[in-house]
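Only heavy atoms go into these numbers, but all of them, side chains included; no hydrogens, no water, no symmetry mates. Bear in mind the structure is a predicted one, so any value in this text is a computation, not a measurement.
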Amino acid sequence: MNAGENPRRDAGREGCEVEGFLRLSSQLTGFGSDELCEGGLAPAFLAVVLDQLGADTYRRLAAAPDAREEELEAAAEALIRLWYTGSWTEPTGTGGPFVVSPEAYAGALVWRAIGGRAPGTSAPGFGSWAEPAGVRAQGAGWRR
């Protein structure tokens, strides 16, 4: 360990950054912070946001998520798409759009929002074909 480094302080700072990121993401996506935290994607998504938007733009967005500045609106939209699709879709830098990871694709909010699973990620289970998808997604009390 280098002089001046404090792993506990640094770990706490990272936790605070992720907590702030979860609060911002909750405001933008409509999902609760706890729901967003469940998938374990927040640290990876925060890293993507910081890498793609830059720390300054991220801090400005976090300070005023309802700002009407064009750059911040685009950043907010990119963050929403990130959570819902597991992909960075803004053509920033030289890399262009990309899927963050297989886990990000499988854990994208769009699948939770529709009550389904990402295609190709897991089998729905034996006999799942016997009931319409809406019945499984909405619970036993829902019927057409």
Side-chain angles (χ1 to χ4, degrees), residues 1-129 131-140 142:
M1 176 170 21
N2 295 330
E5 284 184 19
N6 182 338
R8 284 188 179 176
R9 185 189 71 221
D10 293 343
R13 188 179 318 135
E14 181 179 306
C16 289
E17 279 190 46
V18 172
E19 287 176 23
F21 179 67
L22 286 169
R23 280 192 301 277
L24 172 63
S25 297
S26 178
Q27 290 175 329
L28 294 173
T29 64
F31 281 81
S33 294
D34 290 341
E35 291 177 287
L36 297 176
C37 190
E38 285 174 8
L41 297 171
F45 284 177
L46 175 57
V48 167
V49 167
L50 290 172
D51 184 53
Q52 297 296 314
L53 295 179
D56 181 55
T57 301
Y58 167 70
R59 283 190 196 104
R60 289 181 22 237
L61 177 63
D66 60 347
R68 297 291 174 222
E69 192 176 322
E70 190 173 322
E71 180 184 21
L72 295 183
E73 286 180 2
E77 289 175 14
L79 180 58
I80 293 166
R81 281 191 206 101
L82 176 64
W83 276 103
Y84 272 87
T85 66
S87 303
W88 186 259
T89 58
E90 293 301 304
T92 55
T94 58
F98 60 91
V99 175
V100 173
S101 68
E103 294 80 18
Y105 167 73
L109 294 180
V110 67
W111 312 121
R112 218 182 282 181
I114 66 170
R117 299 170 196 237
T121 59
S122 63
F126 178 77
S128 62
W129 47 265
E131 295 184 47
V135 173
R136 288 188 312 278
Q138 300 297 325
W142 183 81

Engineer: Evaluate side-chain contact (heavy atoms from CB on, under 4.5 Å) for V110 paired with T85, printing each intermediate quantity in order.
Structural biologist: CA-CA 6 Å; V110 67; T85 66; 5.7 Å; no
Engineer: Going by the angle between their ring planes, with limits at 30° and 60°, are Y58 and F21 parallel, tilted or perpendicular?
Structural biologist: tilted
Engineer: For G86 and F45, which heavy atoms make the closest approach, and how far apart are they?
Structural biologist: CA-CZ, 4.0 Å
Engineer: In a table with atom names and distances, give each donor-acceptor pair under 3.5 Å that connects a side chain of residues 73-82 to protein atoms at least two apart or in another chain.
Structural biologist:
| from | atom 1 | to | atom 2 | distance (Å) |
| --- | --- | --- | --- | --- |
| R81 | NH1 | E90 | OE2 | 2.6 |

Engineer: Quick check against the 3.5 Å criterion: does T121 have a side-chain atom that pairs as donor or acceptor with the backbone of A118?
Structural biologist: yes
Engineer: Answer yes or no: is there a side-chain heavy-atom contact under 4.5 Å between L36 and L41?
Structural biologist: no
Engineer: Quick one: are W83 and S26 in side-chain contact, heavy atoms under 4.5 Å?
Structural biologist: no
Engineer: Before giving the answer on side-chain contact (heavy atoms from CB on, under 4.5 Å), spell out for Y84 and W111 the whole-Å C-alpha distance, their side-chain angles and the decisive distance to 0.1 Å.
Structural biologist: CA-CA 8 Å; Y84 272 87; W111 312 121; over 6 Å; no
Engineer: State which residues pass side-chain hydrogen bond (donor to acceptor under 3.5 Å, both in side chains) with E103; sequence neighbours excluded, sorted by chain then number.
Structural biologist: S101
Engineer: What residue pairs, at least two apart or across chains, pass side chain to side chain donor-acceptor pair (under 3.5 Å) with a residue in residues 28-40?
Structural biologist: none
Engineer: Report the distance from atom CZ of R60 to atom CG of L72, rounding to the nearest 0.5 Å.
Structural biologist: 4.5 Å
Engineer: Going by heavy atoms in the side chains, are W88 and L53 under 4.5 Å from each other?
Structural biologist: yes
Engineer: If you measure from CD on E19 to CG on L24, what distance do you get to the nearest 0.5 Å?
Structural biologist: 14.0 Å
